[in-house]
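The block underneath contains the structure these notes are about, expressed in structure tokens.
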Amino acid sequence: MRIGILALQGAVREHRVMLRRLGVDAADVLNTEDLCGIDGLILPGGESTAIGKLLARYALLEPIAELGRRGLPIFGTCAGLILLAKHINGSEQPRFGLMDAWVERNAFGRQLASFEADMPVPALGGEPFRIICIRAPYIDRVGAGAVPLLSYEGKILFAEQGSLLAASFHPELTGDTRIHEYFISRVAGRVSAAAGHG
Ligand code: GLN
């Protein structure tokens with residue numbers, strides 16, 4: 001199994017370290033050739049407008065959106081969540097537009113935009129997860145296709161839609177591998193389904 005990490009800007013290294021710790025082959029994605037042979041893709045945190053401009057410049061926007069539409073598992077953290085969403089409140093910035101979600105950017109206000117807290121995430125089992133938000137977006141509401149996995153004060157911080165997973169926080173900055181494992185299990189399911197049909 002090989003998982004690509006969009007490596008145009010942002011917290012790329014931390015995801016790479018996490019994947020390698022979990023024994024997964026991690027490949028930086030910088031151009032369309034890098035998309036060949038990946039079984040899943042991580043969109044790291046960073047600055048979504050900067051990443052969007054680079055995606056357009058390197059002609060990666062449409063190829064990645066098409067792979068997502070065809071079922072490639074994609075996991076977006078923070079800016080990555082913004083790029084996955086169909087709707088960004090008040091913004092026309094470039095995005096993949098795959099997840100049925102309405103996103104607010106930098107939405108926690110200046111003081112609260114960055115915070116850390118331990119929160120239980122039912123999909124991950126009993127132990128709370130360390131939620132690290134850095135100038136974080138949140139999901140305001142989701143359409144019928146998407147399922148919230150964690151909400152805080154009415155704001156959705158973690159959600160999935162089919163093979164898409166989106167977190168407004170940074171699991172790669174914790175030592176906790178559960179969310180990456182959750183994503184990897186989705187990727188593994190798709191790899192074995194494809195092998196079964198092949
Ligand atoms: N505020 C950033 C944006 O709008 C996201 C911050 C992050 O990825 N840590 O793109």
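Remember, it's 1-based here, ligands and their atoms both numbered in the order they're listed. Values below: every heavy atom of this structure, side chains too, minus hydrogens, waters and symmetry copies. Numbers here simply count residues along the sequence, with the first being 1.
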Give the atoms of ligand 1, by number and element, whose distance to some non-hydrogen atom of [X] is under 4.0 Å.
X    : answer
I82  : 3 (C), 4 (O), 10 (O)
G46  : 2 (C), 5 (C), 6 (C), 7 (C), 8 (O), 10 (O)
R105 : 3 (C), 4 (O), 10 (O)
G45  : 8 (O)
C78  : 5 (C), 6 (C), 7 (C), 8 (O), 9 (N)

**Study point:** E104 with K155: basic N within carboxylate O range, under 4.0 Å
**Key:**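 No salt bridge links E104 with K155.
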Could you pull out all donor-acceptor pairs under 3.5 Å where a side-chain atom in residues 1-14 meets a protein atom, sequence neighbours excluded?
unit_1, atom_1, unit_2, atom_2, d
R2, NE, D25, OD2, 3.3
Q9, OE1, E47, N, 2.9

Review point. Got more than 12 heavy atoms from elsewhere within 6.0 Å of CD, E127?
Key: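 No, the 6.0 Å shell around CD holds no more than 12 heavy atoms from other groups.
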Exercise for review: Mark yes when over 12 heavy atoms from residues, nucleotides or ligands other than Y58 sit less than 6.0 Å from its OH; otherwise mark no.
Suggested key: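 Atom OH in Y58 is not packed in, count stays at 12 or less.
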Review point. Which one of E104, Q93, R135 has a non-hydrogen atom at the shortest distance from atom 6 (C) of ligand 1?
Key: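 It is R135 whose heavy atom sits nearest to atom 6 (C) of ligand 1.
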Check your understanding: Looking at atom 10 (O) of ligand 1, what's its closest protein heavy atom, distance included?
Key ->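 Checking every protein heavy atom, the shortest distance to atom 10 (O) of ligand 1 gives S48 N, 2.6 Å.
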Check your understanding: In the protein, what heavy atom is nearest to atom 1 (N) of ligand 1, and what distance, to one decimal place, separates them?
Key ->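 Nearest neighbour among protein heavy atoms for atom 1 (N) of ligand 1, to 0.1 Å: N106 OD1, 2.6 Å.
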Review point. Considering all heavy atoms of both residues, which atom of R178 and which atom of G125 are nearest to each other, and what is their separation?
Key: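 The pair with the smallest heavy-atom distance is NH1-O, 4.4 Å.
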Review point. Listed by chain and number, what are the side chain to side chain donor-acceptor pair (under 3.5 Å) partners of T177, not counting sequence neighbours?
Key: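 Counting only residues at least two positions away or on another chain, T177 forms a side chain to side chain donor-acceptor pair (under 3.5 Å) with E181.
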